[in-house]
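Structure record follows, encoded as structure tokens.
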2 protein chains.
Amino acid sequence: MLNIFSSDKELLAQLEQVLGFTPKRVAFYKLALMHRSRPEEATDSNERLEFLGDAFLGAIIAEYLFKKYPYEDEGYLTELRSKIVRRETMNNVALRMGLNKLVVYNTNDRSLSRSHIFGNALEALIGAVYLDRGLEVTRKFIINQLVRPYVDLDTMESTDTNFKNQLLSWAQKNNHTLSFDTLDEKIENTRKLFTVGITVNGEMIASGTGYNKKDAGQVAAKNALEKLGPIGER
Amino acid sequence: MLNIFSSDKELLAQLEQVLGFTPKRVAFYKLALMHRSRPEEATDSNERLEFLGDAFLGAIIAEYLFKKYPYEDEGYLTELRSKIVRRETMNNVALRMGLNKLVVYNTNDRSLSRSHIFGNALEALIGAVYLDRGLEVTRKFIINQLVRPYVDLDTMESTDTNFKNQLLSWAQKNNHTLSFDTLDEKIENTRKLFTVGITVNGEMIASGTGYNKKDAGQVAAKNALEKLGPIGER
């Protein structure tokens with residue numbers, strides 16, 4: 001590896017702070033912090049490690065949610081996981097961890113610091129931790145250094161997805177009469193399938209289907225919100 | 001767990017054959033084999049385990065490819081992985097493993113046996129193996145019992161993606177004059193970006209961009225093939 005960092009000792013100290021443990025094979029971590037816009041002298045970038053880290057991030061978050069929410073169905077778990085692992089969340093976490101001070105990239109290219117390169121470097125760092133220390137340490141790193149300090153699960157659970165609440169508060173604010181009505185119940189592949197319609201001031205504006213009334217109502221509310229346009233215009 | 005299987009002993013013998021090891025906590029595996037169209041008496045289904053198993057399948061295949069192909073870039077690894085883990089591949093593997101004889105589902109619903117429920121059950125089984133025996137055993141199960149016997153990586157590497165070859169052989173068969181031309185080279189985010197155009201009998205039919213000429217040519221060929229329509233119509 002090239003000695004791009006001012007000194008290995010300094011890097012090691014910074015890494016320890018970010019990781020919460022002492023890395024063994026520092027070369028993996030140096031590579032994880034190397035954006036492809038790196039200085040000319042460098043020959044490799046963190047993209048392969050990002051591929052590996054992204055995969056283990058997904059698996060470890062899946063396990064974490066699977067165990068934390070024993071009574072939620074797979075749809076709920078899938079949605080919550082995608083909120084945690086998505087680019088915006090990971091980039092935000094990376095910035096709060098201070099990874100922008102560690103990633104080696106072309107600082108002359110101003111568009112880079114506004115892109116997701118820090119979140120991508122965080123995924124690459126997860127790949128480095130996995131190769132260096134295995135699954136257990138990687139899980140601890142993700143849960144203790146990323147999720148617990150920087151990911152607000154309670155807010156994630158409630159935001160965005162509660163389309164029904166969003167719609168109700170819009171109706172209340174604008175003095176609209178809103179109603180949710182079950183339009184249809186049928187058996188599909190041995191399961192009951194419900195269709196719920198949403199009426200605003202007597203006019204049906206959207207409907208949705210689901211395996212229970214709650215889900216069907218959520219889908220209908222989501223469709224209604226899409227039809228009504230962005231919150232600002234409502 | 002309910003005793004839906006004729007006997008636990010029989011199930012255990014069948015599981016051992018599929019898994020390549022002796023399961024410890026059989027309840028996990030029973031649940032993994034329980035489709036939601038299960039008999040009335042059953043109360044739970046394999047969907048949560050499928051969520052977990054799918055995540056670890058993705059991670060373990062990522063690690064396998066990362067180590068098997070040390071010189072391929074992340075785009076290559078991502079594409080190869082998606083071919084392995086996609087529904088059709090997994091369902092095919094599950095059928096060849098004989099999981100259709102083990103999955104508990106509503107056999108009166110004929111549409112089910114033509115859907116991907118066996119591939120989904122295989123993912124759930126991976127989740128069960130992970131919960132029962134941890135990462136190492138899960139990795140061995142996936143690589144030794146699924147990938148090595150049933151996934152032809154060499155064929156996967158070459159098929160579908162070689163759009164350029166597909167296009168060339170189409171042109172040859174139909175006596176068309178085909179040429180690939182570099183239309184543009186520019187610097188974007190410190191990297192060179194190439195645009196390649198494809199001309200058939202003197203008429204440009206498609207173009208594509210990429211960070212090298214080879215990739216740009218592939219993208220252009222893919223676009224050209226999409227424009228030309230399915231192979232049968234060409």
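Within every chain, numbering begins at 1; the chains are lettered A, B, ... in the order of the sequence lines, protein sequences first and strands thereafter. As the structure is a prediction and not an experimental result, all values here were calculated from the model.
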query = Under a 4.5 Å cut-off applied to non-hydrogen side-chain atoms, are B/L131 and A/K67 in contact?
reply = yes
query = Counting a contact as any heavy-atom pair under 4.5 Å apart, which residues of residues 87-99 of chain A contact chain B?
reply = none
Reported CD-to-CZ distance for the pair B/E72 and A/F51, which is rounded to 0.5 angstrom = 11.5 Å
remark   = Applying a strict 4.5 Å limit to non-hydrogen atoms, the region of A/Y76 in contact with chain B is neither
task = Measure the CD-CG distance between A/E47 and B/L77 for me, rounded to the nearest 0.5 Å.
result = 11.0 Å
ask   = Looking at CG of B/D73 and CZ of A/R48, how far apart are the two atoms once the value is rounded to the nearest 0.5 Å?
value = 8.5 Å
ask   = Among B/P70, B/G127, B/S115, which residue forms the greatest number of heavy-atom pairs with chain A at distances under 4.5 Å?
value = B/P70
ask   = Which answer fits A/Y71, side chain, backbone, both or neither, if we ask what part of it has an atom under 4.5 Å from a heavy atom of chain B?
value = backbone
ask   = When rounded to the nearest 0.5 angstrom, what distance separates CG in B/L135 from OH in A/Y130?
value = 4.5 Å
ask   = Any idea which heavy atoms bring B/A62 and A/A55 closest together, and the distance?
value = CB-CB, 3.5 Å
key: Nearest-0.5 Å distance, CD of residue B/E74 to CG of residue A/N120   = 10.0 Å
Neighbour count >12 (heavy atoms, 6.0 Å) for atom CD, A/Q17 = no
inquiry  = Please classify the contact of A/L49 with chain B as side chain, backbone, both or neither, using a heavy-atom distance under 4.5 Å.
reply    = both
